[in-house]
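Taking it in order: structure first as structure tokens, then the write-up.
Counting starts at 1 for both ligands and their atoms, following the listed order.
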Amino acid sequence: MRLLLITLSLCCAAVQAQQTLAPGVLLVPGGFEAGRQPDGNSLLLKGSAGWLLIDSGRHRAHTEAALKAAGGQVRAVLNTHWHLDHLGGNAWLRSQQPGVEVWASPAVAQALATDGWLDRYRRQLAEALPTAPAEQAAVMRVDQDLLDQAAALRPDHEVKAAGPLTLAGRRLQVGVETAVSGGDLWVLDTASGLLAVGDLVTLPVPFMDTACPPAWREALARISAQPFKQLVPGHGPVMSRADFERWRSGYEALLDCADQGLHPAACAAVWRSRVDSWLDDAGRARVSGMLGYYFKTLLQAPKDQRERFCRRP
Ligand SMILES: [Zn+2]
């Protein structure tokens, strides 16, 4: 199992400034700097009972920025999925906001349970840490610290089915997919028309570490049918509907290219041609390496391996 450690040169990272997307809607952009694991985008929605935070980030600085943007008043958290860049901040947030309530899919508990993905990852970190080079060890310790607080990462309420949900007094429509992590929630904010989709949409590439690619294609079609005005991806800038459809066409072209057995580099070029306007130099540099890895381990792996994340309860 890969540790999602993509680049390892030491660097410092600044949290990007928050953006106001609509009345009572703030984006705290995630980051993916060299030498660190990523933080997902976080979205703050102001309801009649305080702020709802959608995804809590991984690094303390990101979660702190979100809490500060909410004026220290986060009443509820919804995690789109269990990847630590969207969920890790739960632990620190609970320490700062006693009484905060967390909603997430049942896949979070499954990932943290004995022999679940995060439990295996925790053991793998413990095994690898003593001999890891200092820079890599520092990155690994961030996740180890989070997983040592597993109880604080778990939700208080499980979202098992799609439908309306009011959190912190804000009215939402929530969808449930399984394509990326086994339990992927999307959230449509009724008042603003903003749709937060977690890692169902990501840049610089689709993050396929725990994905079922064909199910993902179907999930994107369902998202396309939602009445949203703007879409907040798990990683990358806010998208218009046309932007989302361009991203989606890139995703489909990537899968088709892989299915036809074409060379990963050729498929990476197809992908880049659809999404290049969103990529900075760092993102562009990552595309080939990340897609090459996903082609080897998933998209063009032997059939059994290719569908290993499609067999989930
Ligand atoms: Zn993510």
Side-chain angles (χ1 to χ4, degrees), residues 1-7 13 15-16 27-44 53-63 65-66 77-91 93 102 104-105 107-108 111-112 117-118 121 139-140 142-143 146-147 153 155 175-187 195-213 215-216 219-220 223 231-239 244 247 251 275 278-280 282-283 286-287 289-291 293-294 297-298 309:
M1 187 198 317
R2 194 172 70 132
L3 298 181
L4 295 164
L5 298 178
I6 290 155
T7 51
V15 176
Q16 293 178 60
L27 173 72
V28 181
F32 195 177
E33 292 85 4
R36 285 163 54 109
Q37 299 254 51
D39 288 290
N41 287 328
S42 290
L43 192 66
L44 279 161
L53 176 65
I54 299 177
D55 285 345
S56 57
R58 165 190 263 118
H59 296 100
R60 173 76 57 84
H62 179 92
T63 316
V77 174
L78 182 144
N79 301 117
T80 56
H81 62 295
W82 54 261
H83 292 170
L84 290 177
D85 51 333
H86 301 260
L87 172 97
N90 288 12
L93 208 55
V102 177
S105 92
V108 173
L112 286 166
W117 202 97
L118 286 174
Y121 177 41
V139 173
M140 292 160 83
V142 172
D143 285 359
L146 296 175
L147 292 168
L153 301 179
V176 182
E177 300 290 347
T178 60
V180 179
S181 72
D184 308 291
L185 304 183
W186 54 253
V187 181
L195 180 63
V197 296
D199 281 2
L200 287 157
V201 176
T202 58
L203 287 164
V205 301
F207 290 0
M208 295 187 168
D209 299 87
T210 58
C212 172
W216 196 336
L220 293 171
I223 286 171
L231 180 144
V232 179
H235 301 264
V238 175
M239 294 182 177
F244 165 71
W247 189 96
Y251 180 88
V275 303
W278 285 307
L279 302 180
D280 56 13
R286 279 192 169 113
V287 167
M290 291 181 78
L291 288 182
Y293 174 80
Y294 293 141
T297 57
L298 197 71
F309 295 115

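Counting only heavy atoms from C-beta outward, the side chains of Leu220 and Trp247 approach each other to under 4.5 Å.
In summary, the aromatic rings of Trp82 and Trp117 are positioned with their centroids under 6.0 Å apart. Separation of the His235 and His86 ring centroids falls under the 6.0 Å cut-off.
Nearest N, O or S atom of Asp199 to the Zn ion (ligand 1): atom OD2. Residue Asp85 approaches the Zn ion (ligand 1) most closely through its N/O/S atom OD2.
The nearest pair of heavy atoms linking Ser181 to Ala107 is O-CB, 4.4 Å.
For the Zn ion (ligand 1), the N/O/S atoms of His235 include one lying under 2.8 Å. Residue His86: an N/O/S atom is found under 2.8 Å from the Zn ion (ligand 1).
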